[in-house]
Amino acid sequence: MRIAEILKAIRVASIVGTTDKELKGIEMDSRRVREGGLFVAVRGTQADGHAFIGKAIENGAVAVVCEQLPETRVEGVTYIQTADTEEAVGRLATAFYGDPTSKLDLVGVTGTNGKTTIATLLYNMFRRFGYKVGLLSTVCNYIDGEAIPTDHTTPDPITLNRLLGRMADEGCKYAFMEVSSHSIDQKRIGGLRFVGGIFTNITRDHLDYHKTFENYLKAKKAFFDGLPKEAFALTNADDKNGMVMVQNTRAKVASYSLRTLCDFKGKVLEDGFEGMLLDINNREVNVQFIGRFNASNLLAVYGAACLLGKQPEEVLLVLSTLRPVNGRFDALRSPKGYTAIVDYAHTPDALVNVLDAIHEVLRGRGKVITVVGAGGNRDKGKRPIMAQESVKNSDRVIITSDNPRFEEPQDIINDMLAGLGKDDLRKVLSIVDRREAIRTACLLAEAGDVILIAGKGHEDYQEVKGVKHHFDDKEVVREQFENEQ
């Protein structure tokens, strides 16, 4: 693609040099630029891309898009000035990769909890319908059956368009995507066309980035504000901000709920650790999921599938065959007769949802032992709340490390303990070593009890001082089970 063609996607303030050059790639990381590439200098949260224009040219950039033209310019390099490179990069990437979302139906899922489950179940469902499907999620990206590892909930706009371009080229009809608040705020999804958006819920999270809950809510709402009128906006009517999210959208609004009249109404008729019997729009279906929060997630999946044109009967049939997503309420049965549940819950609300689901099934017939931590270099305000909710909803609590990142694990634990009173502390242990914390919980558990191991779910590593060490909660649990036999 020539420079002149790609520039049609953005507003250009000025150009120095020729636009009659062929581009072989587009990057916003100067280290990844290759010969014939276009470098977009973005002012990021960690570094300013303008400081790396020289390095990008050394690596082969033939053109640079920037907000401020450098005083010293290299002959033969084209410089394009635009007002906002953060906004421009997504549109440039969309143009470079051939506008992939004009060739497939993209549905975005946003909210604090449930994004991974809903996006992944929709991916699995539509593959069972016989389509080629793409998935962009926290756990892994997929181009139909091909797994592509991921580091972020929503990739940078260039990686995102590259993946969507491959999906379109390989014949994918649908793509389902988790849309994080960071990606909306940083305009990573600029230039993409969505045929639908799903809102799950919103509770406190990522305040280390957004600073206030209001800013966090506005970021989520901006996604729905930007949907076209041809799209659908499916919202959770059980969340107090559910209708706020869609109040200014141009898209067709639909709602789902376990509590009130709406387009997609659900009710839990029976539940157990093997699954639930649900009533969805007056039709009964057995599902292999546990807890009201999962019933809500399944309603969103059902509603989205129907809005995408599928018949309710065929949607329910596939829904009954789907299994939980890796690391989301993964139940493992001990030889001693207790149950260990590994779950990604890493916000106060997610923790309460999972503990409520456990109590709904247990009905007081066993103890609940919770192993919980909090991530380092993230929102510190939620740490005492995580501890409080754990103690309120458990018989015993073991506070331990999660991903400490660049913080001291004991400091994070102390922040959590600071939220507890003297009576609370009587049922709390603090064990820095996560492996030892899980083993201790297993030793404390008796037949009929449930252990919740929260916070890491699908992750198979623990991040300490910038290094990822192999660590898998489920592996540790299974090792302990072997010792019990």
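What you are looking at is a predicted structure, and each value in this text was computed from that prediction instead of being measured.
- For the pair K468 and Y461, the distance from NZ or CZ to the six-membered ring centre is under 6.0 Å and the angle to the ring normal is within 45 degrees.
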Less than 3.5 Å apart, which donor and acceptor atoms pair up between the side chains of residues 313-321 and the rest of the protein, not counting sequence neighbours?
residue	atom	partner	partner atom	Å
E313	OE2	R283	NH2	3.0
E314	OE2	Q311	N	3.0
S320	OG	L317	O	2.6
T321	OG1	R128	NH1	2.6
T321	OG1	V318	O	2.7

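- Remark: K310 qualifies as a cation-pi partner of F129 under the 6.0 Å distance and 45° angle criteria applied to the six-membered ring.
- With values rounded to the nearest 0.5 angstrom, L92 atom CG is found 7.0 Å from L7 atom CG.
- T347 contributes a side-chain N or O that, together with a main-chain N or O of A350, makes up a donor-acceptor pair within less than 3.5 Å.
- Remark: A357 pairs with F293, F329 by the side-chain contact (heavy atoms from CB on, under 4.5 Å) rule, at least two apart or across chains.
- With hydrogens and angles disregarded, no donor-acceptor distance shorter than 3.5 Å links the side chain of D271 to the backbone of M276.
- Ring pair F176/Y174 is parallel by interplanar angle, where below 30° counts as parallel and above 60° as perpendicular.
- Panel note: side chain S257, backbone T260; a donor-acceptor pair is recorded below 3.5 Å.
- Looking only at atom types and distance, the side chain of H346 has no donor-acceptor partner in the side chain of R378 under 3.5 Å away.
- Taking the six-membered ring for Trp and thresholds of 30 and 60 degrees, H458 and Y344 have ring planes inclined between 30 and 60 degrees apart.
- How far CZ of F194 is from CZ of F224: 10.0 Å, rounded to the nearest 0.5 Å.
- Checked by atom type and distance alone, the side chain of E407 pairs as donor or acceptor with a backbone atom of N377 at under 3.5 Å.
- Side-chain atoms of N248 and K221 include a donor-acceptor pair closer than 3.5 Å.
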